[in-house]
Every structure is written in C-alpha cells, then in structure tokens.
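Starting from 1, each residue takes its place in the sequence as its number.
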Amino acid sequence: LKRAPRDGVRRGREGARKFWAEYLDAFPDVKTTFGAVTEAEHRAVLEWHSVATNKQGKRVEYDGCSVIEGHD
C-alpha cells in the first residue's frame with residue numbers, strides 16, 4: 001500500500017513539486033477543504049480535512065495542517 005508523504009521537509013519549488021507528485025500518486029482522487037488559516041511573519045499554517053480514494057479504491061478521510069515558511 002503506497003502512502004502519501006508523511007514526514008520530512010520539502011524546500012522550494014522542486015520540493016513542492018516532489019511532495020504533490022507523491023501525494024497525487026498515492027491518492028488519485030482527493031478533495032480537500034480548508035479550515036483555519038493562521039498567519040504570522042514569514043509563516044502560515046493551514047488546517048485542512050481531506051476525503052480521498054486510494055489506488056485500491058478504499059475511501060479514507062484525514063485531517064492535518066500544513067506549515068508554509070518563506071522569507072522575502
């Protein structure tokens with residue numbers, strides 16, 4: 001069973017591309033809704049809920065948050 005990336009730091013455009021390629025390979029059918037967004041200097045945190053179907057056809061639901069950091 002292939003899983004979406006769950007750990008590690010991805011940096012820059014190439015890191016984002018790699019993350020999303022792995023994620024969409026694991027869950028070819030996914031819908032995500034966003035909840036709270038918290039912003040601070042050089043950082044944003046996005047809370048989300050996803051409903052997806054994996055490659056084996058199993059429906060999964062999960063919650064999480066993404067931390068986005070940037071400078072300049």
Side-chain angles (χ1 to χ4, degrees):
L1 173 66
K2 185 160 183 146
R3 298 177 184 259
R6 296 190 313 185
D7 57 5
V9 174
R10 310 293 196 281
R11 298 191 189 282
R13 289 182 182 169
E14 191 54 40
R17 284 186 191 107
K18 182 177 179 184
F19 171 86
W20 286 110
E22 293 170 358
Y23 186 90
L24 294 174
D25 184 53
F27 299 108
D29 176 36
V30 61
K31 180 178 180 181
T32 301
T33 54
F34 291 90
V37 176
T38 305
E39 296 179 63
E41 187 174 351
H42 305 297
R43 180 176 297 144
V45 179
L46 293 80
E47 295 179 20
W48 46 263
H49 175 79
S50 291
V51 178
T53 304
N54 66 18
K55 286 184 169 184
Q56 293 76 27
K58 181 178 179 182
R59 177 186 159 107
V60 293
E61 291 191 41
Y62 50 99
D63 297 302
C65 68
S66 297
V67 178
I68 302 170
E69 295 180 325
H71 302 280
D72 299 329

Review point. In chain order, what residues pass the side chain to side chain donor-acceptor pair (under 3.5 Å) check against Thr38, with sequence neighbours excluded?
Key: none
Check your understanding: Do Val51 and Phe34 sit in the same hydrophobic cluster, where Ile, Leu, Val, Met, Phe, Trp and Tyr count as joined when their side-chain heavy atoms come under 4.5 Å apart?
Key -> no
Practice item. Please answer: with hydrophobic residues joined when any side-chain heavy atoms are less than 4.5 Å apart, are Val45 and Tyr62 in the same cluster? Key: no
Check your understanding: Which pair of non-hydrogen atoms, one from Thr53 and one from Pro28, has the smallest distance, and what is that distance?
Key -> O-CD, 3.6 Å
Check your understanding: Can you hop from Trp48 to Val60 via hydrophobic side chains spaced under 4.5 Å?
Key -> yes
**Study point:** Distance (rounded to the nearest 0.5 Å) between Ile68 CD1 and His42 NE2
**Key:** 15.0 Å
**Study point:** Any side-chain heavy-atom pair of Tyr23 and Ser50 under 4.5 Å
**Key:** yes
Exercise for review: To the nearest 0.5 angstrom, please state how far the CZ atom of Phe27 sits from the NZ atom of Lys58.
Suggested key: 10.0 Å
**Study point:** Atom of Asp63, atom of His49 and distance for their closest heavy-atom approach
**Key:** OD1-ND1, 2.6 Å
Review point. Roughly how far apart are Asp25 CG and Trp20 CH2, rounded to 0.5 Å?
Key: 13.5 Å
**Study point:** Counterpart residues, side chain to side chain donor-acceptor pair (under 3.5 Å), relative to Glu47 (two or more places apart)
**Key:** none
Review point. Heavy-atom count around Glu61 CD within 6.0 Å, excluding the residue itself: above 12?
Key: yes
